[in-house]
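Structure first, then comments.
On a predicted model such as this, the values are computed, not experimentally measured, just so you know. Proteins come first, then strands; the chains are lettered A, B, ... in the order of their sequence lines, and each starts at number 1.
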Amino acid sequence: MTKIATWNINSLRLRVSHLANIDADVICLQEMKCQNHELPVNELKKLGFEYQYARGEKAYNGVGIFSKVPLNDIETLDFGGNSQSRHISAKLPNGTRLHNFYVPAGGDEPDVNINLSYAHKLKFVEDMNAYFTSPKDKNHIILGDFNIAPFEHDVWSSRQLANVISHTPPERERMLSLYKTLGWVDVSRQFVPQTEKCYSWWSYRNKDWKKSNRGRRLDHIWVTPNLQSQLKSHHIMQPARDWEKPSDHVPIVAEILL
DNA sequence: ATGGTGGAAGGTCCA
C-alpha cells in the first residue's frame, strides 16, 4: 500500500514543518518558491523523506517529489513552453510514472488577446493533452495543482464563476479533453459523488474561509484505468486550511495498492 | 464595482 500526497505548499521553507502532519510515503509539492540549493534538505530527511527530487526556481513556481522510498527515471518537461518549473515526474518502484504538475493560474482577465497568462495556461493544458495522447509509458498517476475546477460542484457557484479563471469554458473543455486521453480516473470523485460540493482551495481573501466556504477544487489526483481497482482510500485534509500560517490549498492523500 | 490577503523579493510580481 502506498500513500501519495499532493499539496500546493506556497513556500516550502516557510511550511516545511507542516509536512509532519501528512501521513504519506510520497509527497508531491507545488509552489515551493525556492531554488534547489535552498531546499530544507535536512528537515525533509528528518521527516523520513530521504529521497528528494526537486525542480526549484527563484521566488516562483517550483515542484518537487519527496519520497521515503527511492524513485527512478526522473524527468522534467517544459509544458507551456516557457521553461518555468511546473512539471517533474518519476517512476515508482512498480513502474508507474508519477507526474507532479503545477498548471499556471492564468491571471484575472479571461481573454487570450489581452491576458498572456491565460493564453499560456490554455497552451499548457493543450501540451498536457498532446503528451498523454501518445505517452511513452503505459501506467501513470498525474496529480498536482491543476488550477482548474472542471465540474459544477467543484466550485461554490458554477454560475457566478462561469467567467472566472479556473472555471471558464475553455479551461474546462481542455481539461475534459485531457481527461479522455487515457481514460483517466479522477480519484477524488471516486470517493466524493459528483453531486456533492468538493473543494481543495479557499482564497486568502475571505475573512472567514470556513463560514463563507467559497472554495474550489483546484488540486487533483488522476490515475490510469489499470489502477482504479487498486484505490483504497482518499483524504482531502480540510483542517490544514486552519494550520498556523496556512497555505490556501490543502493536501490530498490517496492510498493505492501498487 | 471594488478590494480583499499572502509569499518572496527588494524599490513589485504573482497568486
Side-chain angles (χ1 to χ4, degrees), chain A residues 6-19 28-41 43-44 54-64 78-87 100-112 114-125 143-150 154-157 159-168 170-172 175 199-220 237-252:
Chain A
T6 176
W7 189 25
N8 179 323
I9 195 169
N10 189 18
S11 174
L12 174 56
R13 287 174 293 179
L14 193 64
R15 302 195 170 87
V16 63
S17 64
H18 288 330
L19 295 174
C28 298
L29 300 177
Q30 305 87 39
E31 280 209 274
M32 301 193 301
K33 293 186 172 177
C34 67
Q35 299 166 84
N36 279 3
H37 70 265
E38 299 168 316
L39 286 172
V41 170
E43 290 92 330
L44 288 161
R55 180 182 178 186
E57 184 180 326
K58 188 177 182 178
Y60 300 109
N61 312 314
V63 286
D78 187 17
F79 294 86
N82 66 1
S83 302
Q84 294 176 342
S85 294
R86 296 181 177 276
H87 167 270
N100 179 11
F101 281 101
Y102 177 43
V103 176
D108 290 326
E109 192 58 54
D111 179 345
V112 294
I114 58 175
N115 178 0
L116 290 177
S117 299
Y118 186 52
H120 177 229
K121 180 180 197 174
L122 297 181
K123 174 167 173 27
F124 192 102
V125 182
L143 53 71
D145 177 2
F146 291 8
N147 264 315
I148 298 173
D154 294 339
V155 294
W156 61 277
S157 168
R159 189 176 55 82
Q160 284 176 261
L161 293 179
N163 205 31
V164 172
I165 290 179
S166 72
H167 196 62
T168 65
E171 296 168 89
R172 298 171 68 185
M175 192 161 166
Y199 312 136
S200 65
W201 173 90
W202 292 262
S203 172
Y204 283 124
R205 299 177 190 183
N206 283 337
K207 197 169 283 181
D208 185 337
W209 72 274
K210 205 182 289 178
K211 189 177 174 191
S212 56
N213 197 24
R214 294 185 167 187
R216 304 177 201 171
R217 188 169 73 102
L218 303 180
D219 304 274
H220 302 269
M237 297 180 64
Q238 186 162 332
R241 190 61 181 77
D242 274 332
W243 288 346
E244 192 178 349
K245 279 195 155 277
S247 168
D248 45 356
H249 296 253
V250 300
I252 303 177

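- Q30(A) places its CD atom 17 Å from the P atom of dG7(B), with the value rounded to the nearest Å.
- The P atoms of dG7(B) and dG3(B) are separated by 22 Å, rounded to the nearest whole Å.
- Here the separation of dG10(B) from dC14(B), taken at their P atoms, is 13 Å to the nearest Å.
- Rounding to whole angstrom units, CG of residue N163(A) and P of dA1(B) are separated by 12 Å.
- Among the protein residues, K207(A) comes within range of no part of the nucleic acid, since none of its heavy atoms lies under 4.0 Å from any strand.
- For dA15(B) and dG4(B), the C1' atoms lie 14 Å apart once the distance is rounded to whole Å.
- Evaluation of the side chain to side chain donor-acceptor pair (under 3.5 Å) rule for N36(A) yields no partner, not counting sequence neighbours.
- Phosphate proximity of dG6(B) to R241(A): absent, as no side-chain N or O sits under 4.0 Å from OP1 or OP2.
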Between the protein and nucleotides 13-15 of chain B, which nitrogen or oxygen pairs are less than 3.5 angstrom apart?
| unit_1 | atom_1 | unit_2 | atom_2 | d |
| --- | --- | --- | --- | --- |
| dC13(B) | O2 | Y60(A) | OH | 3.2 |
| dA15(B) | OP1 | R86(A) | NH2 | 3.2 |
| dA15(B) | N6 | R205(A) | NH2 | 2.6 |
| dA15(B) | N1 | R205(A) | NH2 | 2.9 |

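- Judged as a side chain to side chain donor-acceptor pair (under 3.5 Å), and not counting sequence neighbours, N163(A) has no contacts.
- In this view, D242(A) and K210(A) satisfy the salt bridge (charged side-chain N to carboxylate O under 4.0 Å, His left out) rule, not counting sequence neighbours.
- Look at CH2 on W202(A): it is 17 Å from C1' on dG6(B), rounded to the nearest Å.
- Scanning for side chain to side chain contact (heavy atoms under 4.5 Å, CB included) contacts around K58(A) gives Q35(A), with sequence neighbours left out.
- Taking D219(A) as the reference, nothing meets the salt bridge (charged side-chain N to carboxylate O under 4.0 Å, His left out) condition, with sequence neighbours excluded.
- Nucleotides dT5(B) and dA9(B) are separated by 22 Å at their P atoms, to the nearest Å.
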Legend entry - Trace of the side chain to side chain contact (heavy atoms under 4.5 Å, CB included) decision for C34(A) with L39(A): CA-CA 7 Å; C34(A) 67; L39(A) 286 172; 4.0 Å; yes

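- Counting to the nearest Å, the C1' atom of dG4(B) and the CG atom of D208(A) are 14 Å from each other.
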